[in-house]
Amino acid sequence: MDSHTLVLFGATGDLAKRKIYPALFNLFIDRKLALPLSVIGLGRREWSDETFKKNVEQSLREFSRRAPQDEEALQAFLEAFRYCTLDIGKKEDYQKLLKLIEHREGELGLEPNRLFYLSVGPEYFETIAAQIQDNGLGSDEGWKRLVIEKPFGHDLKSARVLNEKLSVAFAESEIFRIDHYLGKPVVQKLEALHQANPEIKALWSNRKVANVQITASETVGVEERAGYYDHVGAVRDMFQNHMLQLLMMVAIHLPDKVSADEVNEVHLHKKRVMKSLEPLHKHSAAAGIIRGQYKEGSVQGKPVAGYTSEPGITPESMNDTFIAARLQINDSDWEGVPFYIRTGKRMMDKSTRIVVEFKEEAAQLAATAEKSKAPNLLVLEMSPGEGITLQFKGPTFEPAGEFSPIQVELPEGRGDGREAYENLIHDALQGDPTFFAHWDEVELSWEWVQPILDAYEENMVPLQLYAAGSCGPAESDALLAKDGFHWWFDDSAKQESTTLKEKTLV
Ligand SMILES: NC(=O)C1=CN([C@@H]2O[C@H](COP(=O)(O)OP(=O)(O)OC[C@H]3O[C@@H](n4cnc5c(N)ncnc54)[C@H](OP(=O)(O)O)[C@@H]3O)[C@@H](O)[C@H]2O)C=CC1
Ligand SMILES: O=C1O[C@H](COP(=O)(O)O)[C@@H](O)[C@H](O)[C@H]1O
């Protein structure tokens, strides 16, 4: 990794505290960062370097998966941090910043490689990018990169405008759009899963797969984010970005070996998936989209308020807190295989997973499957635990001749404890864009989602209320039932899976 300076806009904010500092610390402890390390934090607050360092230390104590125990390592880490008060709109503050960057580069003997991480609201992206350019913060002698957080636009039009503006100052290859779902270890291991198991790779198409289910359910409600969430809803907050990225990752047929030079191929394949998605039309959106909002209920035994009674939400709000969709990829690999996606707040449990359900014919490996109703499944579990599990039929001893489902955990699924932000920050510092959202994917995602936004706007998709603590509206179950399927691991299926666990082999 080249030596560099990490310039963090929004260094006093929530994301920096909860995710960025802990991730940097873990990378530092794991010796994954170039040394000497230089981090310059920015915010309007009049903090001294010492106050900044104290805040970073506090964030590690509160949020790091590895509390800092080695005092020497902690001090070495904190020594890298400097703070600079900066108002995003003030040109003179960027000049002051440039001086500090150059001073630290000279002091530490760093190359003029600069990574600008924008952990601030999206309304500032354009101004910061322009100021970086106008004030010469990128050096001709080194590389410059821009890391930005979601949301990337509010709809197709605003996303395009934003991208055009950013493109004036940064080339696409210099922009790293974070989608933290792409940093999740299980998503990053999909390639390894296919490489290590050619049998699984061979199953990965409409010849063997019956359907694919992608779920991200949360138990939390709108929390303290009413102002943001009531304008975006589940469709913009989760579906347009995280859920469609998961769809792309699971549906692509990765090249046999992905090296750093071939990352463009990953993006190319993802783009192909998006281009092959059967387009939606706002008039027919209701046929394949379920729009939901939670009402009062009980989540894990605790009574909770309905969405429209949450602080900061208007009682008439029609905002969506749940979305389920049926998607179809029209290419030779996936023609005829429905992809179901759902995500929602205040649901029964916190669970992020992809379930690949195989066709019964493919499941006939054990021949007489008649006596078992459970099809073969591949489960990619991202939350609360991590793991990749294959569930298939195995013979029972008693009564002999029958088959019951057993589960095998695949070694590729075991986590190394690294969190999404560690993976992503490391990749951005290395200049590896594989697990970042390319503009083409973002644009195609917005294009696909735009008719849903239009249909919601005109109230053409009915808003279904669901009880907090449930698995979402009944209509979401009906979406699968029409095709003869059901969501795996809900309600009764969940109990079934508990019984299955008792039979786990590994
Ligand atoms: N928090 C989270 O879990 C997640 C956040 N994000 C995204 O990350 C970004 C940051 O979010 P979050 O940390 O929660 O936001 P916060 O509101 O907690 O922090 C905002 C930061 O921006 C700085 N800031 C605001 N206005 C200015 C200005 N005019 N000049 C200089 N600095 C300014 C603030 O510094 P100061 O107050 O000192 O001026 C503060 O450090 C957003 O885009 C958000 O959507 C994405 C995923 C999750
Ligand atoms: O980006 C977001 O993601 C979180 C869920 O992330 P996870 O890693 O815990 O699954 C979600 O709560 C939030 O609303 C959304 O903005």
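Given the structure is predicted, the values throughout are model-derived calculations rather than measurements.
- Using a 4.0 Å cut-off between charged side-chain N and carboxylate O, Asp490 and Arg342 make a salt bridge.
- Side-chain N or O atoms of Asn197 include none that pairs as donor or acceptor with a backbone N or O of Ile200 at under 3.5 Å.
- One finds the OH atom of Tyr456 at 3.5 Å from the CD1 atom of Ile323 (value rounded to the nearest 0.5 Å).
- Pairing each heavy atom of Gly10 with each of Ala16, the nearest pair is O-CB, 3.6 Å.
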Practice problem: Apply the test side chain to side chain contact (heavy atoms under 4.5 Å, CB included) to residues Phe9 and Tyr117: give CA-CA distance (whole Å), side-chain angles for both, the deciding distance (0.1 Å), then the verdict. | Solution: CA-CA 6 Å; Phe9 290 79; Tyr117 193 134; over 6 Å; no

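- Salt bridge Lys150/Asp237: present, at least one basic N to carboxylate O contact under 4.0 Å.
- Taking both residues in full, the closest heavy atoms of Ala428 and Val147 are given as CB-CG2, 4.0 Å, listed atom of the first, atom of the second, then distance.
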Exercise. Please assess Asn206 against Glu335 for the test side-chain hydrogen bond (donor to acceptor under 3.5 Å, both in side chains), listing each intermediate value before the final yes or no.
Key: CA-CA 7 Å; Asn206 51 8; Glu335 192 91 58; over 6 Å; no

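- The CG atom of Leu6 sits 12.0 Å away from atom CG of Asn113, with the distance rounded to the nearest 0.5 Å.
- Taking 4.0 Å as the cut-off between side-chain N and carboxylate O, Glu441 and Lys271 do not count as a salt-bridged pair.
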Exercise. Might you work through the side chain to side chain contact (heavy atoms under 4.5 Å, CB included) test for Glu149 and Lys19, ending with a clear yes or no?
Key: CA-CA 12 Å; Glu149 284 288 340; Lys19 298 288 181 190; over 6 Å; no

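- For the atom pair CZ of Arg272 and CD1 of Ile329, the computed distance is 13.5 Å after rounding to the nearest 0.5 Å.
- Here Phe322 and Tyr294 keep their ring centres 6.0 angstrom or further from each other.
- Of the possible donor and acceptor atoms, one in the side chain of Ser158 sits under 3.5 Å from a partner among the backbone N and O of His154.
- Ser59 places a side-chain N or O within donor-acceptor distance of the main-chain N or O of Lys17, the cut-off being under 3.5 Å.
- Atom-to-atom distance recorded for Met382:CE and Thr352:OG1 is 6.5 Å, nearest 0.5 angstrom.
- The closest donor-acceptor contact from the side chain of Asp30 to the backbone of Lys32 lies at 3.5 Å or more, if one exists at all.
- With Ser217 as the partner, the side chain to side chain contact (heavy atoms under 4.5 Å, CB included) test is satisfied by one option alone out of Arg353, Met347, Met348, Lys350: Met347.
- Between the side chain of Asp454 and the backbone N or O of Lys282, no donor-acceptor pair lies under 3.5 Å.
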Quiz prompt | salt bridge (charged side-chain N to carboxylate O under 4.0 Å, His left out) between Lys201 and Glu191, intermediate numbers included | solution = CA-CA 10 Å; Lys201 194 168 181 173; Glu191 186 213 351; over 6 Å; no

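- Remark: the backbone N or O of Pro473 is not paired with any side-chain donor or acceptor of Gln464 at under 3.5 angstrom.
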Practice problem: Any chance you could lay out the side chain to side chain contact (heavy atoms under 4.5 Å, CB included) test for Leu24 and Leu33, step after step, and finish with the verdict? | Solution: CA-CA 8 Å; Leu24 281 172; Leu33 295 179; 4.3 Å; yes

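- Between Leu327 and Tyr340, the closest side-chain pair of non-hydrogen atoms is not below 4.5 Å.
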Quiz item: Taking it one step at a time, do His242 and Asp179 satisfy side-chain hydrogen bond (donor to acceptor under 3.5 Å, both in side chains)?
Solution: CA-CA 6 Å; His242 306 321; Asp179 184 306; 2.7 Å; yes

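- Of all heavy-atom pairs spanning Ile20 and Leu8, the tightest one is CD1-CD1, 3.9 Å.
- In terms of heavy atoms, Ala287 sits closest to Leu479 at O-CD1, 3.9 Å.
- Side-chain atoms of His486 and Asp477 include no donor-acceptor pair closer than 3.5 Å.
- Defined by atom type and a distance below 3.5 Å, a donor-acceptor pair is missing between the side-chain atoms of Glu223 and Tyr229.
- For the ring pair (Phe, Tyr, Trp, His ring centres under 6.0 Å) criterion with Phe152, the lone passing option out of Trp446, Phe176, Trp439 is Trp439.
- Distance check: Thr215 OG1 to Gln213 CD gives 6.5 Å after rounding to the nearest 0.5 Å.
- Ile452 and Phe239 make their closest contact through CD1-CE2, 4.3 Å (heavy atoms, listed as atom of the first residue, atom of the second, distance).
- Using a 4.0 Å cut-off between charged nitrogen and carboxylate oxygen, Glu475 and Arg291 do not count as a salt-bridge pair.
- Side chains of Asn241 and Gln245: a donor-acceptor N/O pair is absent below 3.5 angstrom, by distance only.
- Within the 3.5 Å criterion, the main-chain N or O of Val250 finds a donor-acceptor partner in the side chain of Trp204.
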Quiz item: Taking it one step at a time, do Ser64 and Arg66 satisfy side-chain hydrogen bond (donor to acceptor under 3.5 Å, both in side chains)?
Solution: CA-CA 5 Å; Ser64 176; Arg66 275 194 302 221; 5.9 Å; no

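- A donor-acceptor pair is defined here as one N or O able to donate and one able to accept, closer than 3.5 Å; no such pair exists between the side chain of Arg18 and the backbone of Phe63.
- Checking Gln293 against Thr321 by side-chain atom types alone, no donor-acceptor pair falls below 3.5 Å.
- Checking Asp432 against Thr434 by side-chain atom types alone, a donor-acceptor pair falls below 3.5 Å.
- With respect to the salt-bridge test (charged N to carboxylate O, under 4.0 angstrom), the residues Arg346 and Glu218 do not qualify.
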Self-check item: Residue pair Ile388, Glu381: steps toward the side chain to side chain contact (heavy atoms under 4.5 Å, CB included) verdict
Solution: CA-CA 6 Å; Ile388 303 178; Glu381 191 83 45; over 6 Å; no

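- Using modelled atom types, one finds a donor on one side chain and an acceptor on the other under 3.5 Å when comparing Tyr307 with Asn319.
- Counting heavy atoms from C-beta on, the side chains of Leu193 and Leu378 come closer than 4.5 Å.
- The side-chain heavy atoms of Leu277 and Leu247, taken from C-beta on, include a pair separated by under 4.5 Å.
- No hydrogens or angles considered: a donor-acceptor pair under 3.5 Å links the side chains of Trp488 and Glu357.
- Annotation: side chain of Phe435 is not in contact with side chain of Asn423 (no heavy-atom distance under 4.5 Å).
- For Glu422 and Arg65, the salt-bridge test passes: some basic side-chain N is under 4.0 Å from an acidic carboxylate O.
- Expressed to the nearest 0.5 Å, how far NE2 of His253 lies from CH2 of Trp334 amounts to 5.0 Å.
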Exercise. I would like to know whether Arg177 and Asn163 meet side-chain hydrogen bond (donor to acceptor under 3.5 Å, both in side chains); could you show each step before the answer?
Key: CA-CA 11 Å; Arg177 295 176 198 82; Asn163 196 57; 3.0 Å; yes

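- When atom types are taken as modelled, the side chain of Gln450 and the backbone of Glu447 share no donor-acceptor pair closer than 3.5 angstrom.
- Heavy-atom minimum distance, Phe436 versus Leu182: C-CD1, 3.9 Å.
- For Asp440 and Lys270, the salt-bridge test fails: no basic side-chain N is under 4.0 Å from an acidic carboxylate O.
- Judged purely by atom type and a 3.5 angstrom limit, His194 has no side-chain atom pairing as donor or acceptor with the backbone of Ala192.
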